[in-house]
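Heads up: numbering here begins at 1 and tracks the sequence. Treat the numbers as computed from the prediction; the structure is a model and nothing was measured. Order of listing sets the numbers, starting from 1, for every ligand and every atom in it.
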Amino acid sequence: MSTSGLFSEEHSAEVVAASFADTPDPRLRQVLTSLVQHLHAFVKDVELTEEEWAVAIDFLTRTGQLSDDVRQEFILLSDVLGVSMLVETINHRSGGTATESTVLGPFHVVESPPRALGDDIALDGKGTPCLVSGRVTGPGGEPLAGASVDVWQTNEDGFYDVQQPDVQPAGNLRGMFTVDGDGRFWFRSVVPRYYPIPDDGPVGQLLAATGRHPYRPAHLHVIVAAPGHRTVTTHVFVADSPYLDSDAVFGVKESLVREVPEVDDPARAAELGLTNPFRTLTVDLSLLRDDRVQPGAP
Ligand code: BEZ
Ligand code: FE
């Protein structure tokens, strides 16, 4: 009997990776082989103790137990480890020519209600009024008439409607808009506020144990889509928000930060149906053409 394939500390990764050699799906084989190599290198690097491994297993078990359709603690773990942002960034390289993307987050749980241009999405009328406007264009700056702009944000207390079903009306601060023939959209809202990610579970314990705060800087979520173009899931960050340089989920990209200047113009406010003074947020969005081969295309 040959013993060259038996497990040893020195050859642990090769031995385990070899067990996947006959995996029919080549991509699965590649991913598992690399995963094993990195995992074994990590365990050797830190010389993991049995107690630490038991703590890790317990942590992952509790992370799974807290996850369901509404609360996804594993995604949150991926978020605070920067993995969500890395996967996102690798898969949506824009080459500097389109609006950059960032994480979707867990609060796009309901379909945004269709709204007309100019509507006020602050259904409870609370918060600092803000006019949000912008234009959706293609790679050559051409307007993308008919594009959809789906937005959602927190109220002035830093909560999404789904987190406060007894406080906020359903659909508060959410809206699905269709741009006009010139690619333009505009709506009334309030200035979003920074807020903590859910930190009452294992991920919160991880943040506390490492001296990290759970906050995200103030932002407006946007999904912009147009036929024949690549959909972009992104945020617009408020330039004067705290935590811009220490987002708990690493979602901030410089190109996504916008000033939200105050306008003191009673006549303009009356025309728009906003109280004076109000703030303005301009969000121009640029999409790449989707020239990737569609599955099933000849
Ligand atoms: C959010 O922006 O809604 C979010 C993103 C990642 C984790 C938690 C919240
Ligand atoms: Fe958010």
**Item:** From H219 atom NE2 to W152 atom CH2, the distance as rounded to the nearest 0.5 Å
**Value:** 8.5 Å

**Prompt:** Does Q153 put an N, O or S atom under 2.8 Å from the Fe ion (ligand 2)?
**Reply:** no

**Prompt:** With the Fe ion (ligand 2) at the center, what angle do OH from Y160 and NE2 from H219 span, rounded to 10 degrees?
**Reply:** 110°

**Asked** Taking only heavy atoms of L76, which atoms of ligand 1 are found under 4.0 Å from at least one of them?
**Response** 7 (C), 8 (C)

**Asked** Just checking, is any N or O donor in the side chain of H108 or D150 under 3.5 Å from an acceptor N or O on the other one?
**Response** yes

**Item:** Approximate separation, where rounding is to 0.5 Å, of R188 CZ and L274 CG
**Value:** 6.0 Å

**Fill in**
atom 6 (C) of ligand 1 has as its nearest protein heavy atom D79 OD2, 3.3 Å

**Asked** Among S78, P106, A248, which residue places a heavy atom closest to atom 4 (C) of ligand 1?
**Response** P106

**Request:** Tell me whether H221 has at least one N, O or S atom under 2.8 Å from the Fe ion (ligand 2).
**Result:** yes

**Request:** Check each heavy atom of L104 against ligand 1 and say whether those closer than 4.0 Å belong to the side chain, the backbone, both or neither.
**Result:** neither

**Steps toward ring pair (Phe, Tyr, Trp, His ring centres under 6.0 Å) verdict (H213, Y243)** = CA-CA 9 Å; H213 69 71; Y243 307 113; 4.6 Å; yes

**Request:** Please identify which atoms of ligand 1 are closer than 4.0 Å to at least one heavy atom of H221.
**Result:** 1 (C), 2 (O), 3 (O)

**Asked** Can a donor-acceptor pair be found between the side chains of N276 and D265 at a distance below 3.5 Å?
**Response** no

**Message:** Less than 3.5 Å apart, any donor N or O on the side chain of R62 or Q65 sitting next to an acceptor on the other?
**Reply:** no

**the Fe ion (ligand 2) to nearest N/O/S of Y195 less than 2.8 Å** = yes

**Prompt:** Among G105, P214, P217, which one has a heavy atom closest to atom 5 (C) of ligand 1?
**Reply:** G105

**Asked** Do the side chains of V103 and F237 join up, straight or via other hydrophobic residues, at under 4.5 Å, putting them in one cluster?
**Response** no

**Heavy-atom gap H219 to ligand 1 smaller than 4.0 Å** = yes

**Asked** Crowded around K44 NZ? As in, over 12 foreign heavy atoms under 6.0 Å?
**Response** yes

**Residue part near ligand 1, for Y195, under 4.0 Å between non-hydrogen atoms** = side chain

**Asked** When you measure from atom 2 (O) of ligand 1 to every protein heavy atom, which one gives the shortest distance, and what is it?
**Response** R216 NH1, 2.5 Å

**Request:** Determine the interplanar angle of the F185 and F187 rings, folded into 0 to 90°, and report it as parallel if under 30°, tilted if 30 to 60°, perpendicular if over 60°.
**Result:** parallel

